[in-house]
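For reference, the structure discussed in these notes is given below.
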Amino acid sequence: MTYDFQFGYIVDTMPALLDGLLITIEVSVISIAISVVIGIVGAAIRLFEIPVLSQVVGGYVHFIRSTPLLPQIYFVFYGFSGLGLQLSTFWSGVLALSLWGGAYNIENVRGGFLAVSKGLREAAGSLAFRPIHYLWLVALPLGVRISLPTMLNTAVSVLKNSAYLQAIGLAELTFVAMDRVALDFRILEMFAAIGVLYLGIVLILSLFVRRLEGVLQRPFRTS
Amino acid sequence: MDNGTAMISVEGLSKWFGPFAALKDIDLKVDRGEKIVICGPSGSGKSTLVRCLNGLEDHQSGRITVAGLEVMNDRRRLEQVRLKVGMVFQNFNLFPQMTVLRNLTVGQTWILRKSQRDAEALAFEYLEKVRIPEQAHKYPSQLSGGQQQRVAIARSLCMQPEVMLFDEPTSALDPEMVKEVLGTMTELAGSGMTMVCVTHEMGFARQVADRIVFMDEGRIVEEAPPAQFFQAPRSRRAATFLKQVLQHHTAMAEA
Ligand SMILES: Nc1ncnc2c1ncn2[C@@H]1O[C@H](COP(=O)(O)OP(=O)(O)OP(=O)(O)O)[C@@H](O)[C@H]1O
Ligand SMILES: [Mg+2]
């Protein structure tokens, strides 16, 4: 028996899928933005070796990177409400993904900071720059450029990992698709549809970062 | 205490990198307006010494005073010291993402809190002095090494320091560019700046230095006016060193 692939089914379910896609995009974009901020702040704390905070950041990064994401999501969803912090499903998802992506971005940005030559830091120091001046005027503009490709990887991972949020009942794209599969068993149609949709947004995200890289490289043009 | 004219005073300075003693019991006085050239074989501690003067390197014992401030491992104090001390590096270390002009104004506006207008005016004044005002809107990577080093000198001068430190400012340059940078430094010397230069450019040393400080193995072995140092070095190590440097220069000239 051959599978009877029905395009019509995809068309019919598209409004529901697009609702899911919208949630996926919302949760991902917010999480990516927060994870970038966490990355920059965390990497700056590591860069200047701020006592205590630096160790806390190191521990946090280590913890996130050496435990699976799914229990992290459960921990935020159930654990935080147990601690009296009431978050909606959506914001629990945002928090979990942000913490996860933030840990990776700390390492990404830190790599960028370390790639900025020691000489520039000494030059900045010799001009009586304070650490905050060095960070803002030298380390960030140069380091973030260097770490953009790895930050893009992390952003794409955050986007893909938003699918795990179905585990806490967030009606994102994968959740919607699985829901339809359970109702109608049109497995191939659903996976083809969400496959294309995920590919599409990852592509858009990548193009956006390429553009950004292009803009940021402009000052270095030598011609 | 010491006489009032000392711009830099180093007393009993020692510095270790782990177990390795890079500087051993250094004493050095530099008067206001004086020009010092530090030379010596590789690894003798020249860079370490000048880097101690503005606190880029920490020291373990001894006392360093620059422009009336004791150099201590304290962030605020180091900022105060560095406001008075400019430094020029072998590799220029210009900020690559900023134009030449912004390299010269960024410290003035952010650290000295000057207006953009005043900062640019002073920047152009110094760009004229180092003879590259036409490069103001280019990026460092678009300039030759010699031009970049002159921008680096101008960048330091824009902070209006009382002392300028140079750590082998011409060793990364092609021979034809060495001259233009030494020219800039010679003019700066003429303006009365207090200068401490690590360099192997003996022609410059002869012409500009008030005193040559010769270092070996972390110690100051000899300190003398250039005429005396070049004609009759007292120590054998200085004599050997001079012979090598001069041979090297002759070889370079013949090449
Ligand atoms: N960060 C460091 N850690 C360990 N040892 C160091 C460090 N910096 C310098 N040294 C050592 O200290 C000694 C003096 O170094 P320094 O760079 O001051 O020499 P120098 O006279 O400037 O030599 P050169 O002419 O090669 O620049 C060298 O033996 C060097 O290996
Ligand atoms: Mg050196």
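In what follows, every chain begins at residue 1, and chains take the letters A, B, ... in the order their sequences are listed.
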Holding to ring pair (Phe, Tyr, Trp, His ring centres under 6.0 Å), I want the full list of residues that pass it with A/F175, two or more places apart in sequence or in another chain.
none

Atom group of A/R121 that falls short of 4.5 Å from chain B, counting heavy atoms
neither

Tell me, side chain or backbone of B/N91 under 4.5 Å from chain A's heavy atoms, or both, or neither?
neither

Side chain, backbone, both or neither: which part of B/L94 has an atom under 4.5 Å from a heavy atom of chain A?
backbone

Contact list (residues 104-119 of chain A to chain B, heavy-atom gap under 4.5 Å, by number) returns A/K118, A/G119

Quick check: does any side chain N or O of A/E213 sit under 3.5 Å from a backbone N or O of A/L148, one acting as donor and the other as acceptor?
no

Do we see a donor-acceptor contact under 3.5 Å between the side chains of B/E11 and B/S9?
yes

Under a 4.5 Å heavy-atom cut-off, does chain A meet the side chain of B/L83, its backbone, both or neither?
both

Sole residue of B/I8, B/N54, B/V85, B/V81 in side-chain contact (heavy atoms from CB on, under 4.5 Å) with B/V71
B/V81

With a cut-off of 3.5 Å and sequence neighbours excluded, list every side-chain donor-acceptor pair involving residues 151-158 of chain B.
from: B/R155; atom 1: NH1; to: B/N93; atom 2: O; distance (Å): 3.1
from: B/R155; atom 1: NH1; to: B/N103; atom 2: OD1; distance (Å): 3.4
from: B/R155; atom 1: NH2; to: B/N93; atom 2: O; distance (Å): 2.8
from: B/S156; atom 1: OG; to: B/M87; atom 2: N; distance (Å): 3.3
from: B/S156; atom 1: OG; to: B/M87; atom 2: O; distance (Å): 3.2

Quiz: residues 37-49 of chain A side-chain donor-acceptor pairs under 3.5 angstrom, not counting sequence neighbours:
none

What is the ring orientation for A/F75 with A/F80, classed by angle as parallel under 30°, tilted 30 to 60°, or perpendicular over 60°?
perpendicular

Report the distance from atom CH2 of A/W100 to atom OG1 of A/T67, rounding to the nearest 0.5 Å.
11.0 Å

